[in-house]
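Everything below concerns the one structure shown next.
Throughout, protein chains are lettered first and strands after them, A, B, ... in sequence-line order, and every chain is numbered starting at 1.
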Amino acid sequence: MNSKPVRVRMAPSPTGRFHLGSARTALYNYLFARKTGGKFILRIEDTDQKRYVPGAEEEIINSLEWLGIMPDEGPTQGGDYGPYRQTERRAIYGKYAGELVEKGAAYPCFCTAERLAKVREEQLARKENPRYDGTCRLLEPEEARRRTEAGEKFVIRIKMPKEGSTTGVDLIRGPITIENNALDDFILLKSDGLPTYHMAAMIDDHLMGISHVIRGSEWLSTFPLHVNIIRAFGWEEPTWVHLSVFLKPSGKGKMSKREAAEAIKDGHSIFIGDLKNLGYTPEGVLNWIVLMGWGVAEDDVMTLDEMVQRFNIDNLTPSPAAINFQKLDHFNGTHIRLLTNEDLSARIKPYFTGAGLKVPMDTLLKVTPLIRERLVTLDDCLTFARFFFEEKVEPNPEDLIAKGLDARQSAEIARKAYEILASLPEITHAVAEPPMRAYVESSGYNAGQVFGILRVAVTGQKVSPPLFESMEVIGRAKVLERLQEAVKILMAGK
RNA sequence: GCCCCCAUCGUCUAGUGGACUAGGACGCAGCCCUUUCAAGGCUACGACCGGGGUUCGAAUCCCCGUGGGGGCACCA
């Protein structure tokens with residue numbers, strides 16, 4: 001490990017949606033910064049103008065905000081090392097690339113894209129590895145300068161050593177060595193004047209004082225190239241950590257576009273921006289992803305603060321992890337149950353109002369305790385509790401008929417239940433249950449039959465929160481009204 | 001094809017040479033609780049990829065296989 005003050009960064013490119021993998025990278029960076037008292041930085045790597053997606057940067061920031069892992073420095077909050085968007089730093093890169101050319105560590109290349117494509121094709125046909133053939137590497141510096149000054153289009157390539165090998169050290173994987181002749185003369189500066197990732201990231205990491213680079217394992221194969229670039233500049237290397245990749249649930253390969261769409265149909269998603277709408281909580285999502293690539297011996301239910309306390313960068317696992325949505329559901333439900341009544345009520349309220357229901361907070365506060373342990377996702381509140389806020393319920397006539405009984409008998413039970421409840425001054429759990437129990441005893445019907453009919457009549461559904469508690473919240477008038485309606489339905493269907 | 005990485009229950013993982021009859025979590029199955037559905041409690045099932053070394057001793061270290069994954073752009 002190096003001795004620099006801890007500064008870590010997340011450097012996404014605004015070319016697509018913000019997904020699980022990006023979120024986990026951000027999380028680990030965040031946890032490490034908090035754990036060590038360091039800074040967490042967001043840098044937008046927008047040097048590819050062709051793939052730029054409008055709104056992508058906004059989604060990144062919204063997602064981080066929703067998860068509660070906002071950076072200390074970044075394009076929105078600023079900082080002493082800005083700007084934090086690479087396109088706003090473009091002047092910097094040309095200067096550094098020029099420095100490398102001066103040193104003889106890089107060279108201008110005038111080959112056209114067409115020629116490069118042709119070379120690649122020929123190499124492939126000969127079953128050779130596709131790579132730059134080195135034509136412009138042989139150019140005399142004077143001639144190269146004459147051509148660039150004449151206005152000819154060019155890129156700048158790194159002059160990779162032909163011999164030897166390069167070794168970089170990854171914190172969780174150990175030394176990684178690659179033969180230099182296996183590395184290409186990668187392009188550092190594109191003909192549009194913007195840098196490629198390879199050079200831009202190294203320059204910015206250096207300029208921003210990044211101490212630890214925690215990034216995805218897709219960078220593992222170009223890792224030695226990055227080490228070479230840093231050495232060419234004569235800078236100090238950061239500590240490197242390459243995270244594992246996420247595999248699709250089957251464990252066979254990365255999530256494809258098609259599979260991402262499938263997941264959404266199932267009520268799941270790999271995109272953070274969707275998870276919110278699907279009723280997931282930041283707490284549940286965070287707990288879920290933090291454990292894919294990092295493990296704890298026991299007590300795996302954690303809040304963000306607890307994660308910070310327990311996080312240890314040395315314990316990150318290098319092996320790929322298959323996504324398991326069932327586990328997300330589990331953690332989501334668990335964290336929902338951990339919320340206070342007020343907090344949970346406030347979080348589910350929008351789902352009711354979104355469905356066009358009027359939801360008074362005082363009533364909701366009484367409903368929430370009845371459904372909280374039944375919720376896997378926040379939007380489940382609608383399936384369990386919408387009848388509390390509806391004027392009328394529309395029970396399925398068949399559901400009103402208890403198991404083993406016919407319509408006439410069920411109607412009799414409903415009418416009797418009405419009589420009993422109507423005779424009471426109030427319908428609370430404490431007052432209503434004893435006489436109903438007594439009726440079950442004396443009637444010869446069983447509890448499941450009697451309460452089943454009552455449940456469907458009052459809630460309109462076969463599955464509901466506890467019956468008597470529910471009736472107490474619904475209120476005497478509505479309970480009796482719904483019971484009467486049930487008797488009517490039963491009589492009509494007889 | 002070439003290069004790199006990885007390898008413990010179905011899945012996520014604990015394990016850093018002896019405390020391993022390999023621990024936890026999800027899922028699955030059963031039981032308890034119970035007016036439904038959950039939640040909760042208990043129990044069961046379930047793994048060190050294979051082969052060689054090193055060592056008194058290996059899930060743990062080394063090598064070779066095998067399997068899986070990633071990368072080979074004027075994309076990141």
Between [M] and [N], how far apart are the [atom1] atoms? Round to whole Å, please.
{"N": "B:U11", "M": "B:C48", "atom1": "P", "value": "12 Å"}
{"N": "B:A59", "M": "B:G23", "atom1": "C1'", "value": "13 Å"}
{"N": "B:C5", "M": "B:U21", "atom1": "C1'", "value": "34 Å"}
{"N": "B:A44", "M": "B:C3", "atom1": "C1'", "value": "47 Å"}
{"N": "B:G51", "M": "B:G70", "atom1": "P", "value": "28 Å"}
{"N": "B:C6", "M": "B:C63", "atom1": "P", "value": "12 Å"}
{"N": "B:G53", "M": "B:C4", "atom1": "P", "value": "27 Å"}
{"N": "B:A19", "M": "B:U66", "atom1": "P", "value": "33 Å"}

Could you check which of [options] has an atom nearest any side-chain atom of [X]?
{"X": "A:T196", "options": "B:A76, B:G70, B:G1", "result": "B:A76"}
{"X": "A:R337", "options": "B:U13, B:G71, B:A39", "result": "B:A39"}
{"X": "A:A322", "options": "B:C6, B:A39, B:U11", "result": "B:U11"}
{"X": "A:R374", "options": "B:U36, B:U16, B:C12", "result": "B:U36"}
{"X": "A:K50", "options": "B:C37, B:C4, B:C74", "result": "B:C74"}
{"X": "A:T47", "options": "B:U35, B:A76, B:A38", "result": "B:A76"}
{"X": "A:R173", "options": "B:C6, B:C74, B:G23", "result": "B:C6"}
{"X": "A:F384", "options": "B:C12, B:C37, B:U36", "result": "B:C37"}
{"X": "A:R455", "options": "B:U35, B:A76, B:G23", "result": "B:U35"}
{"X": "A:I176", "options": "B:C6, B:C4, B:U13", "result": "B:C4"}

Could you point out which residue of A:R85, A:R17, A:R43 forms a salt bridge (charged side-chain N to carboxylate O under 4.0 Å, His left out) with A:E57?
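The passing option is A:R85.
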How many Å lie between [atom1] on [X] and [atom2] on [N], as a whole number?
{"X": "A:Y132", "N": "B:A73", "atom1": "OH", "atom2": "P", "result": "15 Å"}
{"X": "A:H198", "N": "B:C72", "atom1": "NE2", "atom2": "C1'", "result": "10 Å"}
{"X": "A:W219", "N": "B:C72", "atom1": "CH2", "atom2": "C1'", "result": "13 Å"}

When rounded to the nearest 0.5 angstrom, what distance separates CZ in A:R372 from CG in A:N341?
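Atom-to-atom, A:R372:CZ and A:N341:CG are 6.0 Å apart.
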Taking any heavy-atom pair under 4.0 Å as a contact, classify A:I178: base, sugar-phosphate, or nothing.
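Sugar-phosphate contact only.
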Got a sec? Which of residues 323-334 of chain A come in under 4.0 Å of RNA chain B, heavy atoms?
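A:N324, A:Q326, A:K327, A:H330 - these, ordered by number, are the residues of the stretch whose heavy atoms sit under 4.0 Å from the strand.
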Determine whether the side chains of A:E259 and A:S256 contain a donor N or O and an acceptor N or O closer than 3.5 Å.
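There is such a pair (donor and acceptor under 3.5 Å, judged by atom type) between the side chains of A:E259 and A:S256.
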Distance only, no hydrogens: is a donor on one side chain within 3.5 Å (strictly under) of an acceptor on the other, for A:D380 and A:T383?
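Note: A:D380 and A:T383 side chains miss the donor-acceptor criterion.
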Want to settle it: does A:K462 or A:G174 sit nearer the 5' end of RNA chain B, counting the closest nucleotide to each?
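That would be A:G174.
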If you find the nucleotide of RNA chain B closest to A:P466 and the one closest to A:K252, which residue's nucleotide is nearer the 5' end?
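Going by which nucleotide is closer to the 5' end, it is A:P466.
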Is there any salt bridge (charged side-chain N to carboxylate O under 4.0 Å, His left out) pair reaching into residues 159-180 of chain A, and which pairs are they, with sequence neighbours excluded?
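Output for this query is empty, none listed.
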Is the Lys NZ or Arg CZ of A:R147 less than 6.0 Å from the centre of A:F154's six-membered ring, within 45° of the axis?
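No - A:R147 does not lie over the ring of A:F154 by the 6.0 Å and 45° rule.
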Ring centroid separation A:H226 to A:Y197 under 6.0 Å:
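Ring-ring flag for A:H226/A:Y197: true, centres closer than 6.0 Å.
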Among A:F186, A:Y93, A:F223, find the residue that satisfies the ring pair (Phe, Tyr, Trp, His ring centres under 6.0 Å) test when tested with A:H198.
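One option only clears the test, and that one is A:F186.
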